[in-house]
There are 2 protein chains.
Amino acid sequence: MSTRREAVKQALNEASGFRSAQDLYADLRAEGSKIGLTTVYRALQALSDSGEVDVLRTGEGEAVYRACASDAHHHHLVCRGCGRAVEVEGPAVEKWAEAVGAKHGFTEVTHTVEVFGTCADCSARAN
Amino acid sequence: MSTRREAVKQALNEASGFRSAQDLYADLRAEGSKIGLTTVYRALQALSDSGEVDVLRTGEGEAVYRACASDAHHHHLVCRGCGRAVEVEGPAVEKWAEAVGAKHGFTEVTHTVEVFGTCADCSARAN
DNA sequence: GCCGAAAACGAAAATGATTGTCAAAATAGC
DNA sequence: GCTATTTTGACAATCATTTTCGTTTTCGGC
Ligand SMILES: [Zn+2]
Ligand SMILES: [Zn+2]
Ligand SMILES: [Zn+2]
Ligand SMILES: [Zn+2]
């Protein structure tokens with residue numbers, strides 16, 4: 001893993017929530033790095049290809065990334081206010097998705113599941 | 001509802017799966033309409049605002065729309081091959097999402113759930 | 001340490017979906 | 001018919017992401 005890619009992963013590790021390529025680029029430049037935007041995109045592409053980071057789409061269609069602690073399949077509970085994310089599991093959901101696919105004759109069934117909300121801190125701050 | 005918006009909704013009704021604004025624009029032009037791309041975007045915006053159509057994002061971040069039969073909250077089982085979509089319900093998933101949010105102190109909990117697979121027809125065609 | 005191939009970089013241009021602008025066209029009320 | 005309002009659509013502008021293409025680094029072999 002190259003130094004630059006290492007830096008991108010590092011920046012992701014320091015964040016608790018999902019961050020976009022543009023966010024990470026800004027973070028890195030802010031701390032003095034001379035990294036280019038193209039390289040940030042390439043690093044994120046490689047990291048998500050190798051499964052080292054999770055990626056999902058915001059409601060506006062922007063790709064956001066996160067370095068998750070768990071290697072296993074999981075989903076996220078994401079705060080709409082601060083972006084903080086909690087890794088969650090849902091055996092019931094996994095079974096349901098499989099069953100739904102099978103029931104309608106679909107094969108190679110996969111799924112996307114994300115839960116959004118306002119975290120306790122953000123709720124408090126709003127008062 | 002204006003004639004043009006009516007036309008967009010009509011085009012969506014004729015499709016069984018999710019379609020992008022560009023897809024619908026192409027469909028309408030193909031059948032002779034002189035509608036503009038901007039108008040298609042505006043119609044879809046209005047239709048989704050009023051809840052008449054469902055919208056979701058493809059893995060590439062493109063917005064796709066569908067005129068669903070059900071007014072109630074539901075999810076979709078979508079074919080990766082032909083785009084065909086089936087409306088599905090999952091009470092267990094609804095409860096799970098709520099519980100997960102509550103457990104971590106999140107409020108105003110919402111969720112996105114989509115199931116993807118290859119439909120029977122597409123599986124057969126691949127043989 | 002030195003050399004050339006291969007990999008990594010990054011600036012700038014290209015892409016592609018979506019949105020903003022604004023004048024022309026359709027529509028409604030009178 | 002006639003003016004006020006809404007809708008429309010060609011075109012420009014945005015913005016995230018991808019391509020392109022020299023330049024710089026890295027690295028194995030010497
Ligand atoms: Zn928060
Ligand atoms: Zn899952
Ligand atoms: Zn299919
Ligand atoms: Zn649901």
Side-chain angles (χ1 to χ4, degrees), chain A residues 1-12 15 17-67 78 80 83 85 112 114, chain B residues 1-12 15 17-67 78 80 83 85 112 114:
Chain A
M1 175 137 60
S2 76
T3 304
R4 299 256 109 133
R5 186 174 307 176
E6 204 53 279
V8 171
K9 184 156 192 195
Q10 174 64 31
L12 259 183
F18 282 87
R19 313 232 69 197
S20 70
Q22 311 270 351
D23 288 343
L24 290 167
Y25 173 65
D27 292 348
L28 288 163
R29 299 291 287 205
E31 60 186 47
S33 170
K34 292 290 185 299
I35 197 170
L37 182 55
T38 306
T39 304
V40 174
Y41 274 104
R42 273 192 290 239
L44 289 171
Q45 185 70 60
L47 288 168
S48 69
D49 282 353
S50 73
E52 289 175 80
V53 307
D54 281 11
V55 53
L56 61 83
R57 298 265 170 188
T58 66
E60 295 78 44
E62 191 178 14
V64 288
Y65 305 80
R66 182 169 194 273
V78 185
R80 265 187 298 267
T112 65
E114 305 298 337
Chain B
M1 176 136 60
S2 77
T3 304
R4 299 256 104 136
R5 186 173 306 176
E6 201 60 274
V8 171
K9 183 156 195 196
Q10 176 63 32
L12 259 183
F18 282 88
R19 312 233 71 196
S20 71
Q22 311 270 350
D23 288 342
L24 291 166
Y25 173 66
D27 291 349
L28 288 163
R29 298 292 287 205
E31 61 187 46
S33 169
K34 292 288 184 296
I35 197 169
L37 182 55
T38 307
T39 303
V40 174
Y41 274 103
R42 274 191 292 241
L44 290 171
Q45 185 70 61
L47 288 168
S48 70
D49 282 353
S50 73
E52 289 175 80
V53 307
D54 281 11
V55 53
L56 61 85
R57 297 265 169 187
T58 67
E60 296 78 45
E62 191 178 12
V64 288
Y65 305 81
R66 182 171 195 272
V78 186
R80 265 187 299 266
T112 64
E114 305 298 338

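Keep in mind that this is a model prediction, so the values were computed, not measured. A note on names: the letters A, B, ... follow the listed sequences, proteins ahead of strands, and every chain is numbered from 1.
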Listing time: all N or O pairs from protein to nucleotides 22-26 of chain D that are below 3.5 Å?
none

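- Between B:L56 and B:V64, the closest side-chain pair of non-hydrogen atoms falls below 4.5 Å.
- Over its length, the helix from C:dG1-D:dC30 to C:dC30-D:dG1 turns its helix axis by 20°, as judged from the five terminal pairs at each end, rounded to 10°.
- Here A:R57 pairs with nothing under the side chain to side chain donor-acceptor pair (under 3.5 Å) rule; sequence neighbours left out.
- Remark: A:R66 pairs with A:E87 by the side chain to side chain donor-acceptor pair (under 3.5 Å) rule, at least two apart or across chains.
- Judged as a salt bridge (Lys or Arg N to Asp or Glu O under 4.0 Å), the pairs with a partner in residues 22-33 of chain B (not counting sequence neighbours) are, in order, B:R19-B:D23, B:R19-B:D27.
- Residues that satisfy the side-chain contact (heavy atoms from CB on, under 4.5 Å) test with B:Q10, not counting sequence neighbours, are B:E14.
- Rounding to whole angstrom units, CG of residue B:L44 and C1' of D:dG9 are separated by 15 Å.
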Requested in this report: Using a 4.0 Å cut-off on protein heavy atoms (strictly under), produce a 5'-to-3' string for nucleotides 10-15 of chain D with B for base contact, S for backbone-only sugar-phosphate contact, and - for none.
Outcome: BB----

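- Nearest heavy-atom pair across A:A11 and A:L24 is CB-CD2, 4.0 Å.
- Residues meeting the ring-ring contact (aromatic ring centres under 6.0 Å, His included) test with A:F18, sequence neighbours left out: A:H76.
- Chain B approaches DNA chain C over the interval C:dA17 to C:dG20, counting the first and last nucleotide 5' to 3' with an atom under 4.0 Å from its heavy atoms.
- Every residue was checked against the side chain to side chain donor-acceptor pair (under 3.5 Å) condition with B:Y25, not counting sequence neighbours, and none meets it.
- Sequence neighbours left out, the pairs with a member in residues 32-43 of chain B that pass side-chain hydrogen bond (donor to acceptor under 3.5 Å, both in side chains) are B:Q22-B:Y41.
- Between the P atom of D:dT8 and the CD atom of B:Q45 lies a distance of 14 Å, rounded to the nearest Å.
- Here the closest non-hydrogen pair linking B:G83 and B:V78 is O-CG1, 3.9 Å.
- Closest non-hydrogen pair, A:V53 versus A:A67, comes out as CG1-CA, 4.3 Å.
- Qualifying salt bridge (Lys or Arg N to Asp or Glu O under 4.0 Å) partners for A:R4, counting only residues two or more places apart in sequence or in other chains: none.
- Closest heavy-atom contact between A:L28 and A:A7: CD2-O, 3.9 Å.
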